[in-house]
Amino acid sequence: MMQQNDIYDVTIIGGGPVGLFTAFYSGMREMKTKIIEYLPYLGGKVSYFYPEKIIRDIGGIPQLSGEELTTNLIEQAKTFDPTIVLEEQVMDWQKHEDGYFILTSDNGVKHYTKTVILATGFGSLKPVMLDLPHSKEFVGQSLHYSIHNIDRFKGKHVLISGGGNSAVDWANELEPIAKKVTLIYRKSSFKGIESNVTKMKRSSVQVLTPYELAGLRGKGGQLSSAIIENTEQAAFEEVEIDELLVNHGFHIDLGPITKWGMDITEAGIVVNSSMSTSIPGIFAVGDIAQYKNKLPLIAGGFNEGPIAVNSAKLYIHPKDPLTHLYSTHYEPLTKDS
Ligand SMILES: Cc1cc2nc3c(=O)[nH]c(=O)nc-3n(C[C@H](O)[C@H](O)[C@H](O)COP(=O)(O)OP(=O)(O)OC[C@H]3O[C@@H](n4cnc5c(N)ncnc54)[C@H](O)[C@@H]3O)c2cc1C
């Protein structure tokens, strides 16, 4: 039998960077908080795709690795002791006649909550894979879609395929440690952020455009060369390589929440300036939240989380105006106090 104290004030679905910071802020507002994460670990895309990449676009933190950011966020999220549930995918919701939500996970477990904050990112974390003969036999050995151990690229010739932020970022990160970095891109102008593209072009990275991967050679999982095509001239060449990094983007598959009945676009869930979705009591933050001029950046999500939490608190206590704003008002309780 469900008890009143089984009902949480806020359940955050998704334990990525934005969900984690949202949980911290929710604790600050003394909301009974639960995080439900599909993966067996926290950290979302940062842990999954780029624990070793250096992040440089969070205010006040000139640089830190993805892993350091995740460690810090987990520590911060645990300040107010939220309940953390791992390895459950939330599939469905219903509303009880008493007004609270009942969330059902893929394993049938039910979670009871007065409000829901969706921090589910782009749903699935699946990179666009290479569609070349034999490419699968190199995956995880010398063909990578993400980097979990940057040291393995030391002294190697690394070929990067892609022209977005990730590809350009990795070219700059690997250039000082690899023997050589070659980057090929199918277009002539880059999508990556300007200063990073400039840095790459001024470095020793060999940049080839418009080029595409046309074939791979090697054996036993180890690549020995790649066939690349200059698509303007329809000319092929073979380059010797040790490692191949493919950054061709990600599939957006928002998963079960697409059937929840909220206003939704291909890129995510439509929210208003309170981070409310079209279903009262359900809010969205981070990559999944869509509004005009949205930037899918971690720092932006760190503002959306507190907005959603404050909106959730107001939803539960409509007569309780927002008076608390700054974390500096929080003094951790000591044993003597
Ligand atoms: C290679 C790469 C490099 C990047 N570099 C930077 C950078 O330098 N700076 C920057 O600001 N941003 C960067 N980004 C973007 C940044 O990672 C995202 O903006 C950020 O991760 C969004 O956080 P989030 O918490 O909204 O979502 P996510 O990190 O995607 O986390 C969402 C979590 O929700 C879980 N989930 C989804 N559906 C469910 C469900 N139904 N039930 C339970 N759990 C669910 C997922 O498993 C996932 O763990 C980069 C992205 C990539 C891919």
Side-chain angles (χ1 to χ4, degrees), residues 11-23 34-59 61 63-66 68-70 73-74 77 84-93 103-107 109 111 116-128 144-148 160 162 164-170 172-173 192-193 196 245-260 267-269 271 275 284-290 294-305 308:
T11 296
I12 298 163
I13 307 179
V18 179
L20 287 169
F21 185 67
T22 305
K34 182 185 276 185
I35 305 174
I36 306 176
E37 167 55 51
Y38 171 51
L39 295 171
Y41 51 82
L42 297 166
K45 283 202 262 306
V46 184
S47 303
Y48 193 85
F49 287 121
Y50 59 102
E52 299 233 336
K53 192 180 84 94
I54 300 298
I55 300 169
R56 299 172 204 273
D57 50 8
I58 298 177
I61 305 173
Q63 61 173 62
L64 85 175
S65 70
E68 286 167 327
L69 175 70
T70 303
L73 282 167
I74 293 172
I84 298 175
V85 178
L86 296 175
E87 293 186 81
E88 277 190 29
Q89 184 180 25
V90 178
M91 303 298 287
D92 205 1
W93 70 281
L103 303 174
T104 309
S105 293
D106 51 352
N107 57 4
V109 171
H111 301 272
V116 178
I117 299 181
L118 296 166
T120 49
F122 294 135
S124 84
L125 301 174
K126 293 193 191 98
V128 175
H144 313 269
Y145 292 96
S146 58
I147 292 184
H148 288 260
I160 301 175
N165 281 308
S166 295
V168 174
D169 261 16
W170 278 123
N172 287 328
E173 294 293 335
I193 206 154
N196 288 343
L245 176 63
V246 176
N247 283 154
H248 290 177
F250 303 94
H251 292 289
I252 296 185
D253 174 5
L254 303 182
I257 54 170
T258 52
K259 301 193 182 83
W260 283 23
I269 294 165
V271 293
M275 308 314 293
V285 295
D287 281 357
I288 186 71
Q290 291 301 313
K294 162 82 181 189
L295 278 181
L297 285 178
I298 294 164
F302 289 170
N303 184 49
E304 295 163 1

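Every number for a ligand or one of its atoms is a count from 1 in the order of the listing. What you see is a predicted model; the values in this text were computed from it and never measured.
In this structure, the side chains of V271 and E304 stay at 4.5 Å or more apart for every pair of heavy atoms. Contact of the V85 side chain with the V109 side chain is not registered, since no non-hydrogen atoms from C-beta on lie closer than 4.5 Å.
At least one heavy atom of A119 sits less than 4.0 Å from an atom of ligand 1. Not a single heavy atom of M91 sits under 4.0 Å from any atom of ligand 1. K53 counts as a contact of ligand 1, since one of its heavy atoms falls under 4.0 Å from the ligand. For G255, the closest heavy-atom approach to ligand 1 does not fall below 4.0 Å. Ligand 1 lies out of reach of Y48, whose nearest heavy atom is not under 4.0 Å from it.
By the criterion of a heavy-atom distance under 4.0 Å, the side chain of D57, and not its backbone, is placed next to ligand 1. For I288, no heavy-atom contact with ligand 1 is shorter than 4.0 Å. At a 4.0 Å heavy-atom cut-off, ligand 1 touches P17 through backbone and side chain alike. Under 4.0 angstrom from ligand 1, the non-hydrogen atoms of I13 all belong to its side chain.
Ligand-side atoms of ligand 1 in range of I36: 43 (C), 44 (N), range being under 4.0 angstrom from any heavy atom. Ligand 1 places these atoms under 4.0 Å from at least one heavy atom of F250: 53 (C). For ligand 1, the atoms lying closer than 4.0 Å to a non-hydrogen atom of G286 are 26 (O). Within ligand 1, the atoms closer than 4.0 Å to a non-hydrogen atom of S166 are 1 (C), 2 (C), 3 (C), numbered from 1 in the order shown. Applying the 4.0 Å criterion to heavy atoms of E88 picks out, from ligand 1, the atoms 42 (N), 43 (C). Applying the 4.0 Å criterion to heavy atoms of G44 picks out, from ligand 1, the atoms 29 (O), 31 (O), 48 (C), 49 (O). Residue P296 approaches ligand 1 through these ligand atoms, each under 4.0 Å from one of its heavy atoms: 15 (C), 19 (O).
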*Run the side chain to side chain contact (heavy atoms under 4.5 Å, CB included) check on V90 and V116 step by step: do they pass?*
CA-CA 11 Å; V90 178; V116 178; over 6 Å; no
*Start with the C-alpha distance between D287 and V18, add both sets of side-chain angles, then the distance that settles side chain to side chain contact (heavy atoms under 4.5 Å, CB included), and finish with yes or no.*
CA-CA 9 Å; D287 281 357; V18 179; over 6 Å; no
_Could you go through I147 and E173, starting from their C-alpha distance and side-chain angles, then the distance that decides it, and tell me whether this counts as side chain to side chain contact (heavy atoms under 4.5 Å, CB included)?_
CA-CA 11 Å; I147 292 184; E173 294 293 335; over 6 Å; no
*Which is it for Y50 and I55 under the side chain to side chain contact (heavy atoms under 4.5 Å, CB included) test, yes or no, and what are the steps along the way?*
CA-CA 9 Å; Y50 59 102; I55 300 169; 3.8 Å; yes
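A donor-acceptor distance shorter than 3.5 angstrom exists from the side chain of D106 to the backbone of Q89, with no hydrogens or angles considered. Counting only distance, with no hydrogens or angles, the side chain of D169 and the backbone of N196 share no donor-acceptor pair below 3.5 Å. Looking at W260, its side chain never comes within 3.5 Å of a backbone N or O of W93 through a donor-acceptor pair. In this structure, the side chain of T120 does not engage the main chain of G14 through any donor-acceptor pair within 3.5 Å.
Between A119 and I12, the closest heavy-atom pair is CB-CG2, 4.1 Å. For the residue pair E52 and W170, the shortest heavy atom distance occurs at C-CH2, 4.0 Å.
Nearest to atom 34 (O) of ligand 1 by heavy-atom distance, out of A167, G16, G14, is G14. Of all the listed residues (F21, Y38, F49), Y38 holds the heavy atom that lies closest to atom 44 (N) of ligand 1. The closest heavy-atom contact to atom 6 (C) of ligand 1, among the options F122, Y50, F302, comes from Y50. For atom 41 (N) of ligand 1, the nearest non-hydrogen atom from the set I12, V90, L20 comes from V90.
Using cut-offs of 30° and 60° on the angle between ring planes, the pair F250 and F49 is tilted.
Taking distance alone, with nitrogen or oxygen atoms compared against 3.5 Å, A299 stays at or beyond that limit from ligand 1. Among the atoms of V18, some N or O lies under 3.5 angstrom from an N or O of ligand 1. Remark: ligand 1 and R56 share no N or O pair separated by less than 3.5 Å (distance only, no angle test).
A 6.0 Å sphere centred on OH of Y38 holds no more than 12 heavy atoms belonging to other residues, nucleotides or ligands.
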